[in-house]
Amino acid sequence: MRYSKMFIPTLREAPADAEAISHILMVRAGFVRQLAAGLYIFLPLGWRVLDRIDAILKEEMESIGAQEISMPILHPAEIWQQTGRWDVIGDEMFRLKDRTERDFCLGMTHEEIMTWLASREIRSYRDLPQVWYQIQTKLRDEARPKSGVLRTREFIMKDSYSFDATEEGLDKNYQLHAGAYHRIFGRCGLKFLQVESDPGMMGGGYSHEFMAPSPAGEDEVALCDGCGYSANVELALSAPLPNETVDWPYEEAHTPEKRTVKEVSNFLKVNPSYFIKSILVITEQGPVLALVRGDQELHEKKLSGVVGSHRPAQKTEVKEILGVEAGFIGPMGHSIRVIADPCLKDGLFIAGANKQHYHIRGVKADRDFNAEWHDIHIAKSGDMCSCGKPLHVERVIEIGNIFKLGTKYSSALNAVFLDENGVEKPIIMGSYGIGPARIAAAAIEQNNDKDGMIWPRSIAPFDVELIPLNMNDEKTVETAEMLYKALSSERIEVLLDDREERAGVKFKDADLIGIPTQIIIGEKNLREGLIEIKDRKTKELTKIKVEEVVEKARQLLAGL
RNA sequence: CGGGGCGUAGCGCAGUUUGGUAGCGCGCACGGUUCGGGACCGUGAAGUCGGAGGUUCAAAUCCUCUCGCCCCGACCA
């Protein structure tokens with residue numbers, strides 16, 4: 001491809017409304033343009049990257065026996081109504097009507113439609129297993145699109161679905177997908193982790209996420225260096241470091257106007273980890289008191305798992321229900337349901353005295369209060385893994401996920417088969433997603449420097465960039481054209497910067513768009529029959545003979 | 001949805017406090033000189049000041065409403 005013929009609108013300055021590095025660089029390097037919040041246009045370079053990612057996805061999916069199909073994006077409401085998600089999902093679903101007032105939605109994902117197809121076509125255990133996938137646009141009316149291409153309202157997803165007669169079959173397809181995903185992300189040059197995740201609204205019981213470490217990510221995972229435990233903090237289990245044993249009598253402490261853990265902790269000169277944080281929430285079954293240690297945060301989702309949906313109590317409600325101002329609440333002497341984090345089980349603590357301006361020292365679980373014990377705190381760096389080693393928490397971009405769905409969708413849509421004994425059973429399903437644009441963004445987040453992007457070879461928009469410095473020098477142009485043809489004939493993807501630009505401009509643009517290898521053709525070197533190969537990542541320059549260029553490029557591509 | 005910020009030329013911004021004929025840098029077009037890390041000189045084109053309404057002799061500037069974009073949070077199949 002000739003640079004002069006290609007649309008690569010690079011920008012000298014960073015766009016004002018971009019924050020994430022990948023976002024800034026994608027815009028600056030002319031890979032994408034924004035149409036509206038959460039809607040992006042992929043320009044030629046950006047689209048080439050997605051193409052290469054898609055090629056890897058297809059190869060690896062085919063290698064585990066998945067078959068590519070293509071599903072509509074416009075879905076009739078009835079199917080989503082049958083699984084209940086038409087009502088469960090709120091504003092995030094784009095809904096519309098056709099000219100006859102029939103309800104439709106735009107597909108956020110394709111469990112329903114895939115299952116519908118299976119329900120019509122699969123009859124017998126002999127038809128199973130099946131694995132179908134597509135690389136297709138999804139639409140979600142995100143509450144807050146952000147970080148460029150990382151969270152958008154319209155995006156492409158590789159989604160596959162497995163259909164099995166048995167749990168063992170599902171397990172096998174699940175593992176096959178996990179393996180394929182490892183190969184895919186590895187080939188795309190990403191650092192990534194597989195972590196346990198919360199299946200959420202997908203239903204089913206078992207799922208993992210694939211995460212690319214990056215400060216631009218929206219998720220956090222807890223990792224153990226000791227045993228390899230890794231989980232999304234949404235469900236990560238951890239134990240905080242235990243407190244030193246103290247020998248406090250049960251006694252009141254006057255704590256005038258000291259309400260927060262921090263205030264009381266400073267006032268009494270006792271570390272926050274010796275406090276019980278009492279949080280009143282209102283559930284559908286009434287008020288519940290949640291207790292975590294003073295140095296911890298309450299994990300809303302974990303608590304929801306125990307008490308169902310809930311909201312924090314208002315100040316007036318605290319006063320009404322517990323008879324004391326928020327800030328001086330303690331777990332003692334209440335008749336409402338109490339859920340406590342297990343780290344409060346042993347040792348003595350300080351808690352609110354249920355009396356204005358007083359706290360109590362020496363509070364002991366099971367003696368001074370009773371509670372149901374559940375892990376309801378947010379795991380944080382420094383907490384202990386169940387193996388006894390410390391955990392650390394890392395920010396990540398979710399680039400893929402795998403779910404065991406079970407029969408949630410097949411039961412709802414009557415996708416059944418007859419087994420060997422002629423017994424009708426629901427098909428057992430799995431669902432597996434990957435976001436190609438997130439792979440691209442994660443690759444940039446993980447590989448860049450002050451000059452621009454540094455693409456992994458496998459997904460770079462081109463394999464090499466040819467940079468003839470002086471387009472007015474006949475020999476330079478001649479050599480560039482010759483190398484362009486020679487490299488292209490080796491099926492190497494070449495970008496030839498044939499623009500009438502000064503060397504500096506070409507160098508800057510080349511570094512910005514980040515093609516991994518630059519071949520620089522300069523007048524002076526050429527007189528000695530030499531050209532330079534520059535590695536974008538290391539900036540290392542190597543002079544080689546013109547005749548050796550093709551062989552050298554071939555080696556680089558082969559990873560030698 | 002709650003909180004905050006911002007909408008002025010293709011891009012990045014100043015001008016708004018204190019109303020008085022819209023500016024800078026980059027980019028773009030043309031001419032010349034340059035030519036291995038975003039050149040220089042000259043000339044030029046380009047703006048409904050997000051939109052609507054209002055106040056005023058006069059509004060980018062003041063008032064009201066509205067739309068859009070970004071960030072934090074909530075939400076996130």
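Quick caveat, the model's predicted, so the values are computed rather than measured. Below, chain A is the first sequence line, B the second, and so on; all start at residue 1.
The nearest heavy atom of RNA chain B to Glu300(A) and to Glu523(A) marks one nucleotide each, and the one closer to the 5' end goes with Glu523(A).
Looking at residues two or more places apart in sequence or on another chain, you find no side chain to side chain donor-acceptor pair (under 3.5 Å) involving Arg33(A). Applying the salt bridge (charged side-chain N to carboxylate O under 4.0 Å, His left out) rule to Glu68(A) yields the partners Lys58(A); only residues at least two apart in sequence or on another chain are considered. The ring-ring contact (aromatic ring centres under 6.0 Å, His included) check on Phe210(A) picks up Tyr181(A), His182(A), Phe185(A), with sequence neighbours excluded. Checked against salt bridge (charged side-chain N to carboxylate O under 4.0 Å, His left out), Asp473(A) has no partners two or more places apart in sequence or in another chain. Listed by chain and residue number, nothing satisfies the salt bridge (charged side-chain N to carboxylate O under 4.0 Å, His left out) test with Lys508(A) (two or more places apart in sequence, or in another chain). For Arg499(A), the side chain to side chain donor-acceptor pair (under 3.5 Å) criterion is met by Asp497(A), Asp509(A), not counting sequence neighbours. Partners of Glu478(A) by side chain to side chain donor-acceptor pair (under 3.5 Å), not counting sequence neighbours: none found. Every residue meeting the salt bridge (charged side-chain N to carboxylate O under 4.0 Å, His left out) condition with Lys302(A), not counting sequence neighbours, appears here in chain and number order: Asp375(A).
Listed by residue number, Glu532(A), Lys534(A) are the residues of residues 530-541 of chain A with a heavy-atom contact under 4.0 Å to RNA chain B.
The CG-P distance, from Asn525(A) to G36(B), rounds to 12 Å in whole Å. Atom CD of Glu500(A) and atom C1' of A39(B) are 16 Å apart (whole Å).
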Name the pairs: protein N/O against N/O of nucleotides 2-7 of chain B, kept only if under 3.5 Å.
none

Any protein N or O atoms within reach of nucleotides 67-69 of chain B? Criterion: under 3.5 Å, listing atom names and distances.
residue : atom : partner  : partner atom : Å
C69(B)  : OP1  : Ala37(A) : N            : 2.8
C69(B)  : O2'  : Asp17(A) : OD2          : 3.4

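Residue Lys146(A) is in sugar-phosphate contact alone, with no base atom involved, counting any heavy-atom pair closer than 4.0 Å across all strands shown. Nucleic acid contact class of Asp511(A) (heavy atoms, under 4.0 Å, all strands): base. Residue contacts for Thr476(A): at a heavy-atom cut-off of 4.0 Å it reaches no nucleic acid atom on any strand shown.
One finds no salt bridge joining Asp449(A) and Lys537(A) here, because no Lys/Arg side-chain nitrogen approaches an Asp/Glu carboxylate oxygen to under 4.0 Å. Using a cutoff of 4.0 Å between basic side-chain nitrogens and carboxylate oxygens, Glu445(A) and Arg438(A) are not scored as salt-bridged.
For the C1' atoms, the distance linking G15(B) with C57(B) amounts to 23 Å, nearest Å. For the P atoms, the distance from U56(B) to C13(B) is 36 Å, rounded to whole Å. Nucleotides C65(B) and G25(B) place their C1' atoms 36 Å apart, quoted to the nearest Å.
With distances taken from any side-chain atom of Arg502(A) to the nucleotides G12(B), C35(B), G38(B), the minimum falls on C35(B).
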Next item on the list: For nucleotides 25-33 of chain B, just jot down a letter per nucleotide in 5' to 3' order: B, S or -, based on protein non-hydrogen atoms under 4.0 Å.
Entry: BSS------

